[in-house]
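Presented below is the structure to which this report refers.
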Amino acid sequence: MLTFGPIPSRRLGRSLGINNIPPKICTYSCVYCQIGKTFNMKVQPQVFYSPFLILKEVQNKVKKSKEKGEPIDYLTFVPDGEPTLDINLGQEIQLIKSLGIKIAVISNASLIDKKQVRENLKEADLVSLKVDSVEEEIWRKVNHPNRSLHLKSILEGILEFAGTFKGKIITETMLIKNINDNSQHIKRVADFLAQLKPSRSYLSLPIRPPAERWVQTPSEEVVNQSYYIFKEKVDQVECLIGYEGNAFAFTGEVEEDILSITSVHPMREEALKDFLKRAKSDWSTILKLINKGQLVETEYEGNKFYIRKFPK
Ligand code: SF4
């Protein structure tokens with residue numbers, strides 16, 4: 001199956017997935033990968049499928065989705081591996097553009113120091129780049145990259161790409177307990193993001209079964225702290241902690257609204273009080289959610305914050 005969906009995606013709305021790499025061929029073997037360890041590691045882009053076959057599959061899926069009244073916001077290259085390993089990615093993007101729907105590529109950024117890969121990405125509307133670390137040692141621990149790859153060159157490649165790319169760049173940083181989540185390291189990642197100036201940076205958590213069993217999710221406290229460290233350097237920051245759905249939509253259900261907002265943005269006490277006032281509710285709602293184990297109170301730099309409890 002070269003396509004799947006459309007599925008709801010917090011980052012992309014309704015996304016129709018394009019699987020342009022056979023499973024699972026990747027440049028990394030991330031400890032948190034939800035599709036297991038990489039046994040077929042590659043770093044040289046090559047041909048996998050005919051671009052015209054991909055176009056035909058996407059055309060069919062778009063047609064069927066339209067017939068069923070299913071909207072599509074993005075056609076997204078998000079295979080079970082690294083999409084930029086596909087040497088024809090640029091041609092596929094060109095062909096698929098004829099369908100008049102925005103195109104996204106979710107990449108681990110490991111090959112972006114190659115000119116050809118940057119060229120292949122240039123016609124996309126949105127590119128998501130993985131930045132789990134800006135330190136070689138930590139990067140090797142988290143992403144288990146192929147030995148021929150070097151982080152310094154990748155980070156330079158990311159900045160070079162950002163200098164010429166006309167579409168949106170977003171970033172994703174996966175937080176792993178005791179590996180890349182200490183505040184000094186998060187500050188260094190945030191400094192790099194400040195240089196990059198992405199449209200939005202996402203902090204995500206290993207909430208699905210990881211490739212390595214020892215991988216753990218950081219505490220709500222640490223996630224909250226990381227969020228605010230990022231916030232100091234990047235305009236738009238969101239947490240992806242595992243709840244799809246209606247972030248920020250005012251449904252009139254005050255508890256639901258608080259849970260959906262705090263699953264993306266930890267809220268300061270004052271912001272929450274203000275929200276409750278507007279929703280004609282009071283602090284007892286918060287105590288109820290805390291007692292039910294759905295909301296957690298944390299502190300950062302002398303302020304109280306509330307964040308949705310993570311799934312275990
Ligand atoms: S880059 Fe993505 S597909 Fe590759 S190992 Fe990491 S999480 Fe898995």
Side-chain angles (χ1 to χ4, degrees), residues 1-5 7 9-12 15 17-46 48-49 76-87 89 104-114 117-118 120-121 124 126-151 153-155 157-158 161 169-177 179-181 189 198 201-218 239-242:
M1 291 285 277
L2 297 180
T3 57
F4 58 94
I7 54 165
S9 153
R10 181 164 273 162
R11 288 172 291 182
L12 303 170
S15 158
I18 304 169
N19 214 342
N20 63 324
I21 302 277
K24 172 204 172 178
I25 302 176
C26 197
T27 51
Y28 285 177
S29 186
C30 302
V31 292
Y32 55 78
C33 186
Q34 54 180 330
I35 44 176
K37 290 185 187 173
T38 304
F39 293 108
N40 201 349
M41 192 173 261
K42 290 196 190 298
V43 287
Q44 284 310 324
Q46 64 180 85
F48 292 103
Y49 302 107
T76 309
F77 287 84
V78 56
D80 295 340
E82 171 49 31
T84 61
L85 275 169
D86 177 0
I87 205 165
L89 179 63
V105 181
I106 310 292
S107 168
N108 65 17
S110 58
L111 302 177
I112 205 156
D113 54 345
K114 294 182 192 289
V117 168
R118 293 196 297 273
N120 276 348
L121 289 170
L126 180 148
V127 174
S128 173
L129 300 172
K130 190 188 287 300
V131 186
D132 292 335
S133 179
V134 290
E135 283 178 29
E136 184 92 15
E137 199 185 324
I138 297 178
W139 170 67
R140 292 200 177 276
K141 268 190 202 159
V142 175
N143 301 116
H144 289 175
N146 182 278
R147 279 170 202 275
S148 64
L149 300 171
H150 297 283
L151 182 62
S153 174
I154 293 171
L155 297 176
I158 291 177
F161 176 65
I169 294 179
I170 60 173
T171 62
E172 189 167 348
T173 303
M174 181 72 87
L175 295 175
I176 312 282
K177 186 175 178 179
I179 303 290
N180 68 343
D181 67 339
V189 175
S201 285
Y202 290 91
L203 282 166
S204 45
L205 302 179
I207 45 149
R208 305 207 178 91
E212 303 281 352
R213 281 171 164 226
W214 54 262
V215 167
Q216 285 185 319
T217 303
C239 299
L240 293 174
I241 58 181

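Whatever order the structure lists ligands and atoms in, that order sets their numbers, starting from 1. All values below were derived from every heavy atom in this structure, side-chain atoms included, with hydrogens, water molecules and symmetry-related copies excluded.
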Quiz item: Would you say the side chains of Asn143 and Asp132 form a donor-acceptor pair under 3.5 Å?
Solution: yes
Exercise. Write out the residue and atom name of the closest protein heavy atom to atom 8 (Fe) of ligand 1, then the distance separating them to 0.1 Å.
Key: Cys33 SG, 2.4 Å
Quiz item: Does any N, O or S atom in Cys30 come within less than 2.8 Å of atom 8 (Fe) of ligand 1?
Solution: no
Quiz item: Do Cys26 and Asn108 have side chains that get closer than 4.5 Å, going by heavy atoms?
Solution: yes
Quiz item: Can you find a side-chain donor-acceptor pair between Lys24 and Thr38 that sits under 3.5 Å?
Solution: yes
Self-check item: Part of Ser29 with heavy atoms under 4.0 Å of ligand 1, whether side chain, backbone, both or neither
Solution: backbone
Exercise. Using a 4.5 Å cut-off on heavy atoms from C-beta on, say whether the side chain of Ser133 contacts that of Lys141.
Key: no
Quiz prompt | Exercise: do Ser110 and Thr27 side chains pair donor with acceptor under 3.5 Å | solution = yes
Quiz item: Which option out of Glu82, Lys130, Glu172 puts a heavy atom nearest to atom 2 (Fe) of ligand 1?
Solution: Lys130
Quiz item: For ligand 1, which atoms, with element, lie under 4.0 Å from some heavy atom of Lys24?
Solution: 5 (S), 8 (Fe)
Self-check item: atom 4 (Fe) of ligand 1 - nearest protein heavy atom and its distance
Solution: Cys26 SG, 2.3 Å
Quiz item: Shortest non-hydrogen contact from Ile154 to Ala109?
Solution: CG2-O, 3.3 Å
Quiz item: In the protein, what heavy atom is nearest to atom 1 (S) of ligand 1, and what distance, to one decimal place, separates them?
Solution: Asn108 ND2, 3.3 Å
